[in-house]
Each structure stands twice: as structure tokens, then as C-alpha cells.
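First up is the structure itself, then whatever we jot down about it.
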Amino acid sequence: MKKFGMLTQILIGFVLAIVLGAIFGPKIAVVQPLGDLFLRLIKFIVVPLVLASLVTGITSLNNVNKLLSIGGKTIAYFMATTFMAVVIGLVVGFAISPGKGLDIEMPTQNAEKAEIPGTIDTILNIVPVNPFESLSTGNILQIIFVAIAFGIAITAVGEKAKPLASFFDALALVMYKITGVIMKFAPIGIFGILAPIVGNYGLEVLMPLLKVILAVAIACAIQLLVTYSIAVRTMGKMSPITFLKGIAPAGVFAFTTASSSATLPISIRNTEENLGVSKEVSSFVLPLGSTINMDGSAIYQGIAVVFIAQFFNVDLTFANIVTVVLMSILVSIGAAGVPGAGLIMLTMVLQSVNLPLEGIALVAAIDRILDMFRTSVNVMGDASAAVVVQNLENKKKSA
């Protein structure tokens, strides 16, 4: 396998998982411990890697104004691409009409109402009461706050805080090294994760909702091949082919694991080594993106709302559509980058336009498959942001 590149190895594991999963069915679950072990290894490095790399990135800036500049550009980019994502989702949803003429038995389970956090609560939840608890629970958004606070304080203290800056710099290097070793087992891990999923999902589950899966896949492809490609070409000054090839390993891994947080170490490595993004940019943009940038989820919200409205014969007004767009953008902020977050977000969006929450049960059966598509887009969107912000910062330097 050494003669193959990492992307080729991952694709081989990916294809083998699909083929053997389809052949052996549920029996292929015997390989699941391989996937579970790999996921545990990835999650093991996420928290220290995010903390160390982000602190190091901020201290390397030596300028709070530069941090604000990078942060402002990043958030503006995330908002713009999320808006495009939900619009694309709605357009594809209306074009394919996945809920029209659908004759399936309504599941009996009911979805619980999700409480929509207010803006003040969302902001307050970013600030941890106990930073050690944030680290132990893996709350990425709060860890980002801790890292920014440490990074700014270390920069402000100056010479006396250099030993602490050196500690985080060394910790980051150690975590990059551990990440490199773990990534050598990625093809085996992906095989162990994906094969049981393929084995457990039969065609009897997928066929009635095939149009929903198709709509999400098409919308995600449009977001990737149009929105991101145009962005990296025009604002990032990078060939879309170079971008797609460079971030492909992280995209495939995200598709398999359906977790933005678990993919974060691979995303950081790909953007730095393959796309030429500096550590100071990647260490800030990517952790932030894994938490608040949910373009794939926004696509899913748009399509799912259209699907559920059509299934229940509810006509969406223009005001409803505008509400869906705004709510999809708002609920993405602070949503956890873990499997299943999409259903929670969907509950909030459905409530905002008074659609039956029971409709969630319709897509729950295929949520894991849809999660794979949307997470892959989320991760690639984060990488496109890093490329764009990097080029804009380089322009600012040369100006």
C-alpha cells in the first residue's frame, strides 16, 4: 500500500467497504471495532490539537488587529456560503420535488420540540464557566474561546510569557506528529466505519426516499463545484482542481465518519500541506468552521423542509421560504459538529414555519446517509474559507 498515495489508499478502503458491506450484509459488523478504534484515536487528538494549534497561531500573529481581521473575513465568508447553501437546497428541493406523490407509511415515533436558544444565550454559551470542563467534554466553541484568550494574553504579556508560548508551540508539533502516525491507519479505519453502515442499510429503507438522497447529493455537488470553486478561484486565487485534490482526503474521511470534529486534524493537515495555508490561518479558521460553518446542513434544511411540506401537502409561502433561509443560517451557529446535529437543527427550522415535527421521522431512517453528504460539504467549505482568507491576508500584507 505504501506505493499508493494517501487519497488512493482511502479510496481503496472506501470501495472495499461498499463492496464487502453489500456482499456480507449485517455480518460485516465484525470489522466495526477497527472503525471504532480509529475514531477513538482521532477524537483523542482533537482537543489538544485545537487548543495548541490555535494558541500558537494567535501568538504567531503578534497583533490583535490581525486576529480581528482574520476573524471578520472568516465569519463573513461563512455567512455568505451558508446563505448560498440553503438557497441551493431550496431550489434543488423544488426542482426535484421529493415529497410529491410519495406513498409511504408514516412512522409512529414523534419528534420532540427543540428549544431554540436566543442570541444572548448563544453568545453566553461560548464563554465557559470551567475551561477544564470544556476541554474534558470537547466543546470546540468554548475551547476556541479559551485558546483565543490564552493567545491574546500571552501576546500582551510579551517576554515573560514566552515559556508558555513555547510550550503550546511544542505541544502543537507533538500533536501534528501523532496525527501523522494515526493517519497511516485511515484506510483501515474508514473500511471499519463504512462497511457496517453499508451492511446494515438495505434497499428497502433507501428506495422510498431515494429522491431525497438524490436531491441532497445534487445540491451538495453544486455547492462544492460551483460556490466553492468560484470562491477559491476568484478570492483565493487557486485552481479549483488543486483545491479539490488537496482537500479530497479530508472530504472522504468526513463523508465516512459524518463528523466535522473528528475530521478536523485531517483538515488542518490537508490545508497546510496540500493547499499552502499558513498555520496561523488554518489553526483559527478550521476549528471555528467545524463549529459554526454548516453549509451541508443548510442544504439539508432546505431540501428537508420542501420534502416535509410536500408530503403533508402544505404550500410554502414566500415569507416561509425567507424564514427557512434565515433560520438555517442562525441555527448553524454553535451547532455541534457531531453526527445527528442535523436533525436537531431541522427541528428548529420546522418549528419556525409551523411544519409538522412528525416529518422528521420520515428522514430519520436515512439521516446517517444524508449526514455523510452534508458533513463532507461542511469540511470542504471550511477549507475553502481558509484558502480565501489566506489569499486576502497575503494581499493585505503586500498592499
Side-chain angles (χ1 to χ4, degrees), residues 1-50 136-138 140 174-203 205-206 213 247-270 273-274 286 290 296 336-342 365-380 383:
M1 290 287 284
K2 286 186 178 180
K3 64 182 179 180
F4 296 114
M6 178 54 65
L7 177 58
T8 304
Q9 293 180 38
I10 289 176
L11 289 175
I12 290 173
F14 189 86
V15 172
L16 282 175
I18 294 174
V19 172
L20 295 181
I23 293 173
F24 291 102
K27 292 180 181 178
I28 200 69
V30 295
V31 304
Q32 187 166 339
L34 295 174
D36 292 340
L37 175 61
F38 185 65
L39 275 181
R40 290 179 75 91
L41 288 172
I42 289 292
K43 291 176 181 178
F44 153 69
I45 62 174
V46 167
V47 170
L49 177 64
V50 171
S136 65
T137 58
I140 297 295
V174 169
M175 296 315 301
Y176 289 138
K177 188 67 175 179
I178 295 174
T179 300
V181 174
I182 292 174
M183 275 304 297
K184 293 183 184 298
F185 299 96
I188 298 173
I190 285 176
F191 173 78
I193 295 167
L194 187 59
I197 294 173
V198 175
N200 288 329
Y201 281 90
L203 290 178
V205 175
L206 303 183
I213 299 173
I247 198 60
V252 173
F253 185 81
F255 185 86
T256 307
T257 61
S259 173
S260 298
S261 297
T263 311
L264 187 55
I266 302 164
S267 301
I268 292 174
R269 185 176 180 182
N270 284 170
E273 295 181 1
N274 301 342
L286 296 178
S290 71
V338 296
I366 57 168
D367 184 66
R368 184 61 172 80
I369 296 171
L370 299 180
D371 211 358
M372 296 163 76
F373 285 104
R374 61 185 182 242
T375 304
S376 186
V377 169
N378 289 344
V379 166
M380 292 186 168

- Whether over 12 other heavy atoms sit under 6.0 Å from Tyr176 OH: yes

Side chains of [X] and [Y]: does their closest heavy-atom pair fall under 4.5 Å?
X      : Y      : answer
Phe373 : Ile213 : yes
Phe191 : Leu20  : yes
Ile28  : Val31  : yes
Thr375 : Thr257 : no
Ile247 : Asn274 : no
Thr256 : Met372 : no

- Give the intermediate values and the outcome of ring-ring contact (aromatic ring centres under 6.0 Å, His included) for residues Phe38 and Phe253. CA-CA 11 Å; Phe38 185 65; Phe253 185 81; 5.4 Å; yes

So, taking the atom named [atom1] in [X] and the one named [atom2] in [Y], what distance separates them when rounded to the nearest 0.5 Å?
X      : Y      : atom1 : atom2 : answer
Ile10  : Ile188 : CD1   : CD1   : 12.0 Å
Phe255 : Ile369 : CZ    : CD1   : 8.5 Å
Leu49  : Phe44  : CG    : CZ    : 11.0 Å
Gln32  : Leu39  : CD    : CG    : 9.5 Å

- Taking only residues at least two apart or on different chains, which pairs with a member in residues 255-269 satisfy salt bridge (Lys or Arg N to Asp or Glu O under 4.0 Å)? Arg269-Glu273

At their closest point, which heavy atom of [X] faces which heavy atom of [Y], and how far apart are they?
X      : Y      : result
Val379 : Ser267 : CG1-OG, 3.3 Å
Ala254 : Thr263 : CA-OG1, 3.4 Å
Pro196 : Gly192 : CD-O, 3.1 Å
Ser290 : Leu264 : OG-CD2, 4.2 Å

- Query: So which of Leu41, Thr179, Ile178, Leu286 actually passes side-chain contact (heavy atoms from CB on, under 4.5 Å) with Pro265?
  - Reply: Thr179

